[in-house]
Amino acid sequence: MENAIRKYPDNIAFKIKEKKDGKTKYINITYKKMQKDIFALGTAINCMTKKEKRVAIIGKNCYPWILTYLSTIYGNNIVIPLDKGLPDEEIKDLIKRSKANIIVFEDKYIGIMEQMQEEKWGDTEHFICMEENNKFKTLKQLMEMGKKEFKKGNKKIMSTKIDDKKMSSIIFTSGTTSLAKGVMLSQYNIASNINSLQKVISIYDTDVNMAFLPFHHTFGSTGIMLFLSKGAINVFCDGLRYIQSNLIEYKVSIFVCVPLLLEAMYKKIMQEIKKQNKEKIVKFGIKLSKFLLKFKIDIRRKLFKDIINQLGGSIRYIVSGASSIDKKVAEGFNNFGMTTVQGYGLTETSPVLTAETERTIRYGSIGHPIPDVEIRIENKNEEGIGEIVAKGPNVMLGYYENEEETNKVLKDGWFYTGDLAYEDKDGYIYIAGRKKNVIVLKNGKNVYPEELELLINNLPYVSESMVFGKEKDDDFIVSAKIVYNKEYVQETYKDISEEELKEKIWNDIKEINKRLTTYKHIKNLIITDEPMVKTSTAKVKRYEEIKNT
């Protein structure tokens with residue numbers, strides 16, 4: 001951060017939209033101004049308690065969130081980002097477990113914070129609200145106090161020696177299969193990952209990044225640090241419904257997101273092409289541009305200008321992570337001239353382990369290990385599928401106060417990811433699925449749910465799907481839960497009855513089964529238009545869904 005502030009002092013770090021009295025105005029926070037804010041808030045945090053400062057943050061992505069994060073770690077203190085989507089009891093539990101003594105929160109949490117204050121909850125001493133309110137001290141008041149202290153000569157925040165190998169952050173896993181574990185990361189873990197990613201992703205100080213992924217997730221927080229380290233402009237999304245208008249409004253050039261969103265955007269683009277009867281023109285354009293690319297002539301952005309304009313006109317780079325993206329979608333965006341790459345990682349690895357680059361794209365793969373990371377695939381079966389095991393400076397210190405779980409995954413400096421994959425002859429890695437999700441049939445055959453889900457999600461009316469093993473006698477039946485897009489179904493199939501829709505979906509599943517070996521056949525189907533329970537990075541909480549099925 002200090003390097004970025006020195007190098008890009010007058011660049012805009014954050015462009016913030018404010019709405020007041022029906023008018024919209026934009027506030028530009030330069031890197032120099034951000035540093036002053038960090039010094040003010042960091043000084044105030046240092047004055048708050050004589051104990052080790054453990055600062056929990058909960059709320060939507062915004063400048064006060066990231067400012068609190070940076071101000072905490074600048075003072076060599078510990079930051080605890082919390083998932084804004086958690087139920088109250090879980091928020092209370094994680095605050096107690098992490099021993100947070102300062103909490104910075106969005107005003108929507110005032111109710112639970114009042115309750116915790118009354119109960120003298122855990123180690124919590126200070127409650128700070130990000131917005132103006134009449135119940136708690138505000139971040140603005142805290143910064144004013146910090147500014148005064150700093151002016152008086154309290155410059156400790158500038159000279160604090162960072163212990164880069166100590167625990168700097170406790171990030172709770174999103175828990176798709178079990179209770180959340182507290183991942184301990186050091187500044188060295190995070191900085192090393194940013195350093196490696198700088199060598200993989202082309203980012204310029206003229207880029208505009210939309211900070212879409214939640215900051216409490218490592219992919220979100222390391223991502224924003226990466227863009228700040230390169231002097232880029234960062235903007236905030238007004239919400240899922242406004243993504244497209246925000247991309248246009250801010251002329252976003254880089255977009256980091258999850259596959260579910262990208263797949264939905266792609267489906268929308270293709271539906272629009274179909275509606276306008278332009279399928280043949282687009283197919284011909286793709287063929288022509290691919291031919292010209294062989295001679296290093298790239299006309300994609302000119303040819304597909306109208307499509308790029310639907311996404312703001314400036315998007316040049318899309319990064320997908322958190323789970324596998326449908327290769328048809330990744331290829332589709334690349335065909336239109338928007339470089340789309342996939343990465344892979346976990347909270348425990350700060351988070352990125354592998355990534356494609358613009359020069360090394362192989363659809364369906366997660367690329368190669370990023371610089372400074374070693375990967376091996378262990379205990380391969382006859383198909384060459386085994387567990388991904390990783391080593392590098394970005395691997396966590398361990399799970400907070402959970403030696404037993406730490407010892408299960410950290411062995412001789414290697415981290416056992418629990419993800420299954422295989423490699424091709426050129427070293428590209430392909431995810432096969434999550435070890436815990438694999439359906440092991442009585443005949444010893446393995447069914448990887450993620451492989452089948454990609455095929456199901458290709459059906460135009462499918463919003464999301466989950467494949468799992470339903471117990472029957474002493475074996476499992478391969479089952480699928482499908483969430484269909486109600487709007488699409490009503491628009492496309494007009495007066496279709498529920499029974500007719502079920503029959504149509506079954507017929508499509510039978511077609512998918514024909515392409516699969518017999519033991520992978522889907523034999524049980526659950527159909528709904530109700531979205532599944534998900535984590536904040538749009539991963540389905542399988543254990544909850546299976547329990548309720």
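The environment of F284 atom CZ is sparse: at most 12 non-hydrogen atoms of other residues, nucleotides or ligands sit within 6.0 angstrom. More than 12 heavy atoms of other residues, nucleotides or ligands shown are found within 6.0 angstrom of CD on Q198. When the shell of 6.0 Å around CD of E378 is examined, it contains more than 12 heavy atoms from other residues, nucleotides or ligands. Counting non-hydrogen atoms of other residues, nucleotides and ligands closer than 6.0 Å to NZ of K84 gives a total of 12 or fewer. In this structure, E383 places its CD atom where more than 12 heavy-atom neighbours from other residues, nucleotides or ligands lie under 6.0 Å away.
The side-chain heavy atoms of Y69 and M225, taken from C-beta on, include a pair separated by under 4.5 Å. The side-chain heavy atoms of V462 and V483, taken from C-beta on, include no pair separated by under 4.5 Å. Residues S169 and M184 form no side-chain contact, since every pair of their non-hydrogen atoms from C-beta on lies 4.5 Å or further apart.
Two rings, from F212 and F255, have their centers less than 6.0 Å apart. Between Y488 and Y461, the gap from one ring centroid to the other reaches at least 6.0 Å. Between F476 and F468, the ring center distance fails the sub-6.0 Å criterion.
A cation-pi contact, defined as under 6.0 Å to the ring centre and within 45° of the axis, links K411 to Y416. With a 6.0 Å cutoff to the six-membered ring centre and a 45° limit on the axis angle, K17 does not count as a cation-pi contact of Y26.
Shown are L228, L226, N394; of these, the side-chain contact (heavy atoms from CB on, under 4.5 Å) with I194 is made only by L226.
Using modelled atom types, one side-chain atom of T222 and one backbone atom of T218 make a donor-acceptor pair closer than 3.5 Å.
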